[in-house]
**Student:** 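Just dropping this structure here.
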Amino acid sequence: MKRTVFAIVIFLVALLSIPVTFIIIGFATPSQYALTYYGELGKMYENLRLTSGRKIVIIGTSSVAFGVDSALMSEELSAAGADYEVVNFGLYGALGTKVMLDLSEQYIGEGDIVVFAPELNAQAMSTYFSATDMWYAADCDFSLLGGIAEENAAEMVGNFAGYVSSKFGCLTAGSPAQPSGVYASASFDENCDMKNAERPHNIMPGGVDSNSLIYFDETVISDDFVDYVNDYCASVSEKGATMLYSFAPMNEAAFSGYYEPEIEAYYEFVSENFDFNIISDPYDYVMEREWFYDSNFHLNASGMTVRTVRLLGDLKNWLGIRTPTDAELPEMPDLPEHEYDDTEGNNDFAEFFVYEDGADGMRITGIAGGVTLPSEITVPYSYGGRTITSFDADVFAGNGEIEEIVIQDNIVSLQNGSFDGCTSLKRIILLQADPSAIGVGQGLLTGADNCRIYVPADSYSAYAGNYFWSNYAGRLEIYE
């Protein structure tokens, strides 16, 4: 895998065409992203660099950050006579799996073990790389630039101006970028484990993110990704390290049906195409919804312990260690009932829709017969005495006349493609003050190219910094 001394070679060339002011703002002003989730990557990188002796490095993205207690693993391995330090090296899917491999490669040495545990989705299983997100992380520790792969250098240089612009916006506002919920550097302890944040139970409506269903489908793994990972394996193997494959935790409720035939085919594909051993049983990582937190891959604090003990068992088995693990397993947290505001909202357009009653509230399934929706409409709050919590993706999709939709704080999730074909839609007004209380995927505005999302003024920063809603940061406006 080719590397370049990024900061020396690429930037010496790039500096010739970048204004001095940009260089000063980019490199000589205080970090503006250190408090956010991005700020932890530099600490993980330093932790990996400074860990001496044999180590086990768990590589992936956010499911590793939310699901590995490296201190517990190190303690249990030491008690069993295995001299390894466990290093948590997974942070954020927006950065990509590839960058975690790139950053770690130079610090893997003889006797080390790399446990590769990517999430089962197309982005994580590709050579996807986000220069924008990488700049935000590098803003907290510029030594990260030295681990960027040569093929991504040009993209980094091309996104430098955008990074400087965002950083300058924070500087002029007089406040650095603020974290949102658990997505903060402060959520991690000195071992880079996410143990300083409260994650008591599943907070997803119904316990599942319906915008990110999981499929055991080998086609999500791109061919170039397989080649890239195998090249990484060859590189670390030459240095005397061993690479192993484990599975990311997966929310059982996120599977659309019976998955046993698919899981067997997927296991066979991974086994045949990656040049290293699988140490885990995928069925052990398809876990009940109660163990998860805010996505189908992110575990709550109890789920983290369960996943860690399972992975520890896999490693001990592979190492030939037969001693029992003493770690105490937590009880499964209850799935809390969703709480709704007793205040009745706007129901002026309730008769325009048809509904289906469900365990979590009423769901809008379509438009009432003979009804033509007005150009400006408010999604109703309740029907038949029950709160409306969602609407199907095809309720508004294809409506070329509608211009404004107001979504009240009763709605707890928005489906991908909900406004596909809404060519006249200009404004989606969200009355929900808390972005974590309304789920969203990455395809909400697909087919609604002219639309902006309006949120309460006091919630603008929270939406812009939210793990899920930040995907729409460039299309957010303040609703007055």
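Computed from a prediction, not measured in an experiment: that's the story for all the values here.
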**Student:** Can you list the residues that meet the ring-ring contact (aromatic ring centres under 6.0 Å, His included) rule with Y472, with sequence neighbours excluded?
**Tutor:**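 By the ring-ring contact (aromatic ring centres under 6.0 Å, His included) rule, Y472 matches W469.
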**Student:** Hey, mind stepping through R310 and D314 against salt bridge (Lys or Arg N to Asp or Glu O under 4.0 Å) and telling me if it holds?
**Tutor:** CA-CA 6 Å; R310 290 181 185 178; D314 295 337; over 6 Å; no
**Student:** List for me each residue that meets side-chain hydrogen bond (donor to acceptor under 3.5 Å, both in side chains) alongside T308, sequence neighbours excluded, and say none if there are none.
**Tutor:**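 For T308 there are no side-chain hydrogen bond (donor to acceptor under 3.5 Å, both in side chains) partners, ignoring immediate neighbours.
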**Student:** Would S70 and N191 count as having a side-chain donor-acceptor pair, cut-off 3.5 Å?
**Tutor:**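 Looking only at side-chain atoms, N191 and S70 do not form any donor-acceptor pair under 3.5 Å.
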**Student:** Applying salt bridge (charged side-chain N to carboxylate O under 4.0 Å, His left out), name anything that partners D392, two or more places apart in sequence or on another chain.
**Tutor:**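 Partners of D392 under the salt bridge (charged side-chain N to carboxylate O under 4.0 Å, His left out) test: R363.
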**Student:** Using modelled atom types and a 3.5 Å cut-off, is there a donor and acceptor pairing between side-chain atoms of S295 and backbone atoms of H298?
**Tutor:**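 Between the backbone of H298 and the side chain of S295 there is a qualifying donor-acceptor contact (under 3.5 Å).
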**Student:** Name all pairs fulfilling the salt bridge (charged side-chain N to carboxylate O under 4.0 Å, His left out) condition that reach into residues 166-178, sequence neighbours left out, sorted by first residue then second.
**Tutor:**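 For residues 166-178: D139-K167.
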**Student:** Only counting residues at least two apart or in another chain, list the ones meeting salt bridge (charged side-chain N to carboxylate O under 4.0 Å, His left out) with D69.
**Tutor:**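 Result, salt bridge (charged side-chain N to carboxylate O under 4.0 Å, His left out) vs D69: K195.
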**Student:** For S166, what residues pass the side-chain hydrogen bond (donor to acceptor under 3.5 Å, both in side chains) criterion, not counting sequence neighbours?
**Tutor:**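 Result, side-chain hydrogen bond (donor to acceptor under 3.5 Å, both in side chains) vs S166: Y136.
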**Student:** Could you list the residues that satisfy ring-ring contact (aromatic ring centres under 6.0 Å, His included) with F292, not counting sequence neighbours?
**Tutor:**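 Applying ring-ring contact (aromatic ring centres under 6.0 Å, His included) to F292 gives none.
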**Student:** Going by the ring-ring contact (aromatic ring centres under 6.0 Å, His included) test, which pairs reach into residues 105-132, not counting sequence neighbours?
**Tutor:**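 Output for this query lists Y45-Y107.
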**Student:** Tell me, please, which residues at least two apart from F297 pass ring-ring contact (aromatic ring centres under 6.0 Å, His included).
**Tutor:**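 Not a single residue meets the ring-ring contact (aromatic ring centres under 6.0 Å, His included) criterion with F297.
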**Student:** Not counting sequence neighbours, which residues clear salt bridge (charged side-chain N to carboxylate O under 4.0 Å, His left out) with D112? List them please.
**Tutor:**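 Only K55 meet the salt bridge (charged side-chain N to carboxylate O under 4.0 Å, His left out) criterion with D112.
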**Student:** Could you pull out all residues at least two apart from Q415 that satisfy side chain to side chain contact (heavy atoms under 4.5 Å, CB included)?
**Tutor:**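 By the side chain to side chain contact (heavy atoms under 4.5 Å, CB included) rule, Q415 matches S210, N211, A393, S413, S418.
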**Student:** Compile the donor-acceptor pairs under 3.5 Å between side chains in residues 456-464 and protein atoms, sequence neighbours left out, one pair per line.
**Tutor:**
from : atom 1 : to   : atom 2 : distance (Å)
S459 : OG     : A433 : O      : 2.7
Y463 : OH     : Q432 : O      : 2.7

